[in-house]
Q: 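One structure, pasted below without further comment.
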Number of protein chains: 2
Amino acid sequence: MNRLKVPTESAPATSPGAEQVMFSLLGAAHALEDRLERALGQVGLSMSKLGVLTQLVEAREPLPLSELAARLSCVRSNMTQLVDRLEADGLVRRIDDASDRRSVLASVTRLGEERQAEGARQLAKVREGFTAALPPADRAALARALAALTP
Amino acid sequence: MNRLKVPTESAPATSPGAEQVMFSLLGAAHALEDRLERALGQVGLSMSKLGVLTQLVEAREPLPLSELAARLSCVRSNMTQLVDRLEADGLVRRIDDASDRRSVLASVTRLGEERQAEGARQLAKVREGFTAALPPADRAALARALAALTP
DNA sequence: TTGAGACGATTCATATGTGAACGATACGGT
DNA sequence: ACCGTATCGTTCACATATGAATCGTCTCAA
């Protein structure tokens, strides 16, 4: 699931190091995603799968695939395949929507709920490690900078 | 090429906001990658393709696929396919390595060099936008925090 | 009521990544 | 000189994403 390392540039001699901050951000996120996928892999999940399960658990009711796609910011065809795999794993079931025959609802199974809880624990562990690695003095500035960067 | 949005958590009431910093980082990187892929798409490239072309241009000589995979931190099978597509695009040629018959070298074409230059310009534009969006007061702290985060 | 257009899910083609298995080649120690 | 092992590229199966095209269903305006 990894992203390739970003192309290094032949440094244009402007403010020294400024060009590299963007790549540092990509690299840090990349490394973090690796850790998350590895941790979740230990309980048979991925970030994508955990995302779907978490939505369903939090909603406390079955949700249409369209709604899941919207909440997780992906296209519907992606959700079709993701739910295919979750169904094959026995973590989710498709049920017909009685009120709209176009719609298909995803319903989390008992096993899916258990797996979601395990995944959430793994995720929390990684998050703790992340927070621990963060220089406390820079935490606020990081949060501020990231907020400014996300439009 | 997008990553799904990260699962939101039912906030455990520890230090307020601290849990979310990790997700902010993933989100910011995600948005940034989107912008980069879109900018590169305008010249028919992707981050992965530009990465390969840039390595070849900077090396000023053909490189073995293994070497490219190592430099871009991906597995060799990925490089095989990436070079397949670059070759189909006419940006790269495979040539036999006379000194080691196991090895295959990737050689950037004239068109590939031109495309790399265009890609680098697109990348620089995005980077400028990135830097502009960054609160100057937080730049150093961001760089420091990201460095601490990348092991 | 009906028919045009919006909407929901799926399928297909494609891009990008991983990892295992394979065949060809290289190389070092005996 | 030969054999075991390492390395190289490829192929395959899979996971994850996008976007276009398709098919069924729904809804509203005329």
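In what follows, every heavy atom counts, from backbone to side chain, and hydrogens, waters and symmetry copies are set aside.
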Q: Is there a side chain to side chain contact (heavy atoms under 4.5 Å, CB included) between A/M47 and A/L40 once you walk through the steps?
A: CA-CA 7 Å; A/M47 287 287 272; A/L40 290 178; 3.7 Å; yes
Q: Report the distance from atom CG of A/L82 to atom P of D/dA17, rounded to the nearest whole Å.
A: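 Rounded to the whole Å, the gap is 7 Å.
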Q: For B/R60, which residues count as a side chain to side chain contact (heavy atoms under 4.5 Å, CB included) partner, sequence neighbours excluded?
A: none
Q: If the test is side chain to side chain contact (heavy atoms under 4.5 Å, CB included), which one of A/L45, A/V108, A/V83, A/V52 qualifies with A/L91?
A: A/L45
Q: To the nearest Å, how far apart are A/E67 CD and C/dA9 C1'?
A: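 Going from A/E67 (CD) to C/dA9 (C1'), I get 15 Å.
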Q: Linking I/L/V/M/F/W/Y whenever their side-chain heavy atoms sit closer than 4.5 Å, directly or via other members, would A/V92 and A/I95 fall into one cluster?
A: no
Q: Side-chain N or O of A/N78 versus OP1/OP2 of D/dT16: is the shortest distance under 4.0 Å?
A: no
Q: Mind checking B/S46 for me? I need base, sugar-phosphate or nothing, with any heavy atom below 4.0 Å counting as a touch.
A: sugar-phosphate
Q: State plainly whether one hydrophobic cluster holds both A/V75 and A/L86, where clusters connect Ile, Leu, Val, Met, Phe, Trp and Tyr through side-chain heavy atoms under 4.5 angstrom apart.
A: no
Q: Does B/A39 have any side chain to side chain contact (heavy atoms under 4.5 Å, CB included) partners at least two apart in sequence or in another chain, and if so, which?
A: B/Q122, B/V126
Q: Base, sugar-phosphate alone, or nothing: which one does B/D97 contact when heavy atoms must sit under 4.0 Å apart?
A: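 Nothing, no nucleic acid heavy atom in range.
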Q: May I have the distance from B/E37 (atom CD) to C/dT14 (atom C1'), rounded to whole angstrom?
A: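 For the pair B/E37 CD and C/dT14 C1', the rounded distance is 14 Å.
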Q: Listed by chain and number, what are the side chain to side chain contact (heavy atoms under 4.5 Å, CB included) partners of A/S103, not counting sequence neighbours?
A: A/P64, A/D97, A/D100, A/L105
Q: Just how far, in rounded Å, is C1' of D/dA17 from CE of A/M47?
A: 15 Å
Q: Please check this pair: side chain of A/R115 against backbone of A/V43, looking for a donor-acceptor N/O pair closer than 3.5 Å.
A: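 Judged by distance alone, yes, a pair lies under 3.5 Å.
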Q: With nearest nucleotides of DNA chain C determined for A/R38 and A/V104 from heavy-atom distances, which residue corresponds to the more 5′ nucleotide?
A: A/V104
Q: So, does B/S24 use its side chain to make a donor-acceptor pair with the main chain of A/A143 at under 3.5 Å?
A: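 No; judged by distance alone, with no hydrogens or angles, the pair does not exist.
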Q: Please list each protein N or O that sits under 3.5 Å from an N or O in nucleotides 2-7 of chain D, with the distance.
A:
from, atom 1, to, atom 2, distance (Å)
D/dT7, O2, B/R102, NH1, 2.8

Q: Side-chain N or O of A/R101 versus OP1/OP2 of C/dG8: is the shortest distance under 4.0 Å?
A: no
Q: Nearest whole angstrom, please: distance from the P of D/dC8 to the CZ of B/R94.
A: 16 Å
Q: Whole angstrom is fine here: how far is it from CG in A/L63 over to P in C/dG8?
A: 14 Å
Q: Taking only residues two or more places apart in sequence or in another chain, which ones pass side-chain hydrogen bond (donor to acceptor under 3.5 Å, both in side chains) with B/E113?
A: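 Result, side-chain hydrogen bond (donor to acceptor under 3.5 Å, both in side chains) vs B/E113: none returned.
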Q: Atom CG of B/L45 and atom C1' of C/dA15: how far apart are they, to the nearest Å?
A: 14 Å
Q: What nucleotide, of D/dA20, C/dA9, D/dC12, holds the atom closest to the side chain of B/S77?
A: D/dC12
Q: Is the base of C/dG8 touched by the side chain of A/S103 through a donor-acceptor pair closer than 3.5 angstrom?
A: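 Answer no: no donor N or O sits under 3.5 Å from an acceptor.
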Q: What are the residues of residues 85-93 of chain B, sorted by number, that bring a heavy atom to within less than 4.0 Å of DNA chain D?
A: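 Those residues whose heavy atoms fall under 4.0 Å from DNA chain D, taken from residues 85-93 of chain B, amount to none.
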Q: Give the rounded distance in Å between these two atoms: CD of B/E33 and C1' of C/dA15.
A: 14 Å
Q: Nearest heavy atom decides the nucleotide; on that basis, is B/D100 or B/K49 closer to the 5' end of DNA chain C?
A: B/K49
